[in-house]
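This report refers to the structure that appears directly beneath it.
From a predicted model like this one, the values you see are computed outputs, not experimental measurements. Proteins get letters first, then strands, A, B, ... in listed order; numbering begins at 1 in each.
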There are 2 protein chains.
Amino acid sequence: MLPIGVLARRTGTKVQTIRYYEQIGLMPEPERTEGGQRRYANAQLDRLAFIRHARQLGFSLEAIRELLDLSDSPERSCAEVDAVARRQLSEVEARLARLEALRAELHRMIAECHADRVADCRILEVLRDHEECLSDHAAPAP
Amino acid sequence: MLPIGVLARRTGTKVQTIRYYEQIGLMPEPERTEGGQRRYANAQLDRLAFIRHARQLGFSLEAIRELLDLSDSPERSCAEVDAVARRQLSEVEARLARLEALRAELHRMIAECHADRVADCRILEVLRDHEECLSDHAAPAP
DNA sequence: TATGGGACCTACAGCGGGTGTAGCTTCAAG
DNA sequence: CTTGAAGCTACACCCGCTGTAGGTCCCATA
């Protein structure tokens, strides 16, 4: 039975984050010592590792909740898991596309500026005047 | 003198967002009618357009504050403006790199899964077991 | 000039996904 | 038995907004 700090170290999570996951129902309430401290079984360690890994891949906590639910019913079709992963992939691809447009615009802005004084700075000019901007870029990555 | 709603429409900003910018000191306090409603001059319209455009390019409100300050002193060197833009560019590039790694991993996960049942799903397996993962990916885009 | 209804006002709560702090209590090694 | 690290709860805060409640103002039309 592991105390929360060990769980934290082994999964690269902050202690507060683990308590936060418990609060939002992503981690189950663990056993407690007589003094009220949390003690985790190995299953909880695995679950937390799963959560962290999915977070690193950019899955939202809601998507992770869904994946965990699915993973608890091993006889069901894995098409749903596939769908969650594909959705995540297309979100990542959308963000990539937006960021690539931003990179291009920033590049252009910077390359165009050969001024010395702020008054003649192309960068500020482009920011001031949307017309000078090539893309009508979408919002930045969330 | 424009009421807040007109400013909002012309810059594609929500009314609440403009009030929020005022609250955090990014937009100046405008004049008011006798009844207490905000009335903006054209300079404020330009300033808001600048802010929105910079936001679309992914600049943080802090960076925008810096750019606005710089743009208020036209005799200064524009090297500082350049630095802010380059910083933004490298942040965008870092996010791009991370997202590209994530995309590759998600692709691989999805491609490898030919299972029917959740029990044999490769996607969940990879998520469960970090060792199966190629990259030791950084955190997702913030 | 009265009225109606859209636009405006303030104040505050909430989103996601945590992080940080204060002020305690508990655990375990020496 | 002491001590200090680690744990506990409760709450505030980060960013960048967005939404809501409950009220007030403005101005075009009748």
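Side-chain contact of B/Arg86 with B/Gln88: a donor-acceptor pair under 3.5 Å is absent, judged by distance alone.
Atom-to-atom, CZ of A/Arg9 to C1' of D/dA5 comes out at 11 Å; the value is rounded to the nearest Å. Atom pair B/Phe59:CZ and D/dC17:C1' shows a separation of 20 Å (rounding to whole Å applied). Distance, B/Lys14 NZ to C/dC9 C1': 18 Å, rounded to whole Å. Counting to the nearest Å, the C1' atom of C/dG18 and the CZ atom of A/Arg19 are 13 Å from each other. If you take CE of A/Met1 and P of C/dA28, they are 13 Å apart, rounded to a whole angstrom. In this structure, the CD1 atom of B/Ile51 is 13 Å from the C1' atom of D/dG16, given to the nearest Å.
Mapping B/Arg52 and A/Val6 onto DNA chain D via the closest heavy atom, the residue that lands nearer the 5' end is A/Val6. Judged by closest nucleotide on DNA chain C, A/Leu61 is the one of A/Gln16 and A/Leu61 placed further toward the 5' end.
Nearest nucleotide to the side chain of B/Thr17, out of D/dT18, C/dC8, C/dG17: D/dT18.
For the pair B/Glu112 and B/Arg108, the salt-bridge criterion is met [side-chain N within less than 4.0 Å of a carboxylate O]. The pair B/Arg87-B/Glu66 meets the salt-bridge criterion, with a side-chain N (NZ, NE, NH1 or NH2) lying under 4.0 Å from an Asp/Glu carboxylate O.
At its two ends the helix from C/dT1-D/dA30 to C/dG30-D/dC1 runs along axes set 10° apart, each axis drawn from five pairs and the angle rounded to 10°.
Atom OG of residue A/Ser60 and atom CD of residue A/Glu91 lie 7.0 Å apart, to the nearest 0.5 angstrom.
Taking all atoms of both residues into account, the shortest heavy-atom contact from A/Cys121 to B/Val81 is SG-CG1, 3.6 Å.
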* To do: Test B/Tyr21 against B/Arg52 for side chain to side chain donor-acceptor pair (under 3.5 Å), laying out the working first.
  => CA-CA 11 Å; B/Tyr21 287 163; B/Arg52 293 311 288 175; 2.7 Å; yes

* Asked: When you look at A/Tyr40 and A/Arg10, which way does the side chain to side chain donor-acceptor pair (under 3.5 Å) test go after all the steps?
  -> CA-CA 12 Å; A/Tyr40 293 89; A/Arg10 294 224 191 138; over 6 Å; no

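Contacts of residues 20-40 of chain A with DNA chain D (heavy atom under 4.0 Å): A/Arg32, A/Gly36, A/Gln37, A/Arg38.
Counting heavy atoms from C-beta outward, A/Arg76 and B/Arg117 have side chains that stay 4.5 Å or more apart.
The backbone N or O of B/Glu75 lies less than 3.5 Å from no partner atom in the side chain of B/Ser73, so there is not a single donor-acceptor pair.
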